[in-house]
Amino acid sequence: MKKLAIVSALFTACAFSASANAYQAEVGGSYNFSDNDNYSDTHAFGIDGTYYFKPVQTRDAPLNEAAFLDRASNVSAKVDYADNSGVKDSYFGAGAEVFVPGTDFYVSGNIGRDETKVKGYKSDYSNRLTSYGAEVGYLPAPGLLLAVGVKGYDVKDGKDGVDPTVRAKYVTKVGQHNVNMEAYGGFGDLDEYGVRGDFYLDNSLSVGVDYYNNDLSKYDEWGLNAKKFFNQNVSVEGRIGLGDNYNTYGVRAAYRF
């Protein structure tokens, strides 16, 4: 009986420890500063949140990749706002990811609206862009996602369209360290592509580089980023973006619970 009690106590302690490392939601706040050569500098603020349908287990893996590796279905939302020299820009977005239970299939969808208002000397100007997307994917191996989809956009009183997309994400080990590799492409009128790589010095700290190009908007930028988890719940990250005529600097702090 004494041995049974000891085993039961150990099992309870392990179960409590495992649950203590799980989380089911994350909220974050961000700030971005843009240093432009041809225009005034800008400041923007944002908040975001993600809710997972079941607790995410962190296990012995990078904390930043816990939800992906645990195939955690979720819903998310994001709000950004900027007001600089009479130019107001607001963004509202929402999305969902579903890892189909009992299978290796994946589906996702998102929608967002970006609205810009300019207060002019004689008249005001406003523009609204609605964007949306959907994907279907498959996970042929642990840590590997391959997905195809569509991305659409609709400019108020302007152009609209829908174009095909492809995306891949792979989290694996190289030597003693984990790495994350991502690639994305949009075709047709979009004509955009992006790549990203993250190297995990340990499960709590990563450094990375990314690149994004869009011929439609003439957007071309390199990025350097780093992220640190101070414990299982609190993280801080930063990114420097390097464009042709501007640089951007962004920070984000987040809390999991």
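Along the sequence shown, residues carry numbers from 1. Because the structure is predicted, anything quoted here is derived from the model rather than measured.
- A donor-acceptor pair under 3.5 Å is formed between the side chain of D202 and the backbone N or O of L205.
- One distance of note links CG of D191 with CG of N213; it measures 7.5 Å at 0.5 Å rounding.
- Taking the centre of each ring, Y212 and Y219 come in below the 6.0 Å mark.
- Ion pairing of E65 with K227 is absent here, as no side-chain N (NZ or NE/NH1/NH2) approaches a carboxylate O to less than 4.0 Å.
- For the pair R239/D210, a side-chain contact is recorded, criterion being any heavy-atom separation below 4.5 Å from C-beta on.
- Residues V209 and W222 approach most closely at CG2-CE3, 4.2 Å, considering heavy atoms.
- To the nearest 0.5 Å, the span separating CZ on R196 from CG on N180 amounts to 7.0 Å.
- Rounded to the nearest 0.5 Å, atoms OH (Y31) and CG (D80) are 13.5 Å apart.
- D35 places no side-chain N or O within 3.5 Å of a backbone atom of D41 that could act as its donor or acceptor partner.
- Looking at T116, its side chain never comes within 3.5 Å of a backbone N or O of D89 through a donor-acceptor pair.
- Between Q232 and T58 there is a side-chain heavy-atom pair separated by less than 4.5 Å.
- There is a side-chain donor-acceptor pair under 3.5 Å between E97 and Y106.
- Side-chain atoms of E26 and Y51 include no donor-acceptor pair closer than 3.5 Å.
- The minimum heavy-atom distance linking N64 with R256 is given by the pair CA-NH2, 4.1 Å.
- Within the 4.5 Å cutoff, side-chain heavy atoms of Y153 are placed close to those of K159.
- Atom CD of residue E115 and atom CG of residue N127 lie 8.5 Å apart, to the nearest 0.5 angstrom.
- Residues V195 and E182 fail the side-chain proximity criterion, which asks for heavy atoms closer than 4.5 Å.
- Between K151 and Y132, the closest side-chain pair of non-hydrogen atoms is not below 4.5 Å.
- Between D154 and R113 no salt bridge is recorded (no basic side-chain N to carboxylate O distance below 4.0 Å).
- In the hydrophobic clustering of ILVMFWY residues, with side-chain heavy atoms under 4.5 Å counting as a link, L63 and F257 come out apart.
- Side-chain contacts under 4.5 Å among hydrophobic residues (ILVMFWY), followed directly or transitively, place F105 together with V100, Y138.
- Side-chain N/O atoms of N245 and D37 include no donor and acceptor closer than 3.5 Å.
- Between R167 and L145, the closest side-chain pair of non-hydrogen atoms falls below 4.5 Å.
- Both V174 and L201 are part of a single hydrophobic cluster, where members link through side-chain heavy atoms under 4.5 Å apart.
- The CG atom of D160 sits 10.5 Å away from the CG atom of L129 when rounded to the nearest 0.5 Å.
- Panel note: side chain D70, backbone Q57; a donor-acceptor pair is recorded below 3.5 Å.
- For the side chain to side chain contact (heavy atoms under 4.5 Å, CB included) with T50, the qualifying choice from V56, N74, V75 is N74, the only one to do so.
- Nearest heavy-atom pair, Y23 versus A66, reported as atom, atom and distance to 0.1 Å: OH-CB, 3.9 Å.
- With contacts defined as side-chain heavy-atom distances shorter than 4.5 Å, the pair I240/N247 does not qualify.
- Heavy atoms only, all atoms of each residue included: Y170 and P142 are closest at CE1-O, 4.0 Å.
- A side-chain donor-acceptor contact under 3.5 Å links Q24 to the backbone of Y52.
- The side-chain tip of K88 does not point at the ring of Y81 from less than 6.0 angstrom away and within 45° of straight on.
- Residues N225 and V207 have side chains not in contact (no heavy-atom distance under 4.5 Å, counting atoms from C-beta outward).
- Here the shortest heavy-atom pairing between F187 and D163 reads O-CB, 2.9 Å.
- Listed for the H43 side chain is no donor-acceptor partner under 3.5 Å among the backbone atoms of F33.
- The minimum heavy-atom distance between D220 and Y246, with the atom names listed, is O-OH, 3.8 Å.
- By the criterion of side-chain heavy atoms lying less than 4.5 angstrom apart, applied directly or through intervening Ile, Leu, Val, Met, Phe, Trp or Tyr residues, L146 is grouped together with V179 in one hydrophobic cluster.
- With respect to the salt-bridge test (charged N to carboxylate O, under 4.0 angstrom), the residues K228 and E237 do not qualify.
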query: Checking side-chain contact (heavy atoms from CB on, under 4.5 Å) for the pair V79/D48: CA distance, chi angles, key distance, verdict?
result: CA-CA 6 Å; V79 177; D48 62 86; over 6 Å; no
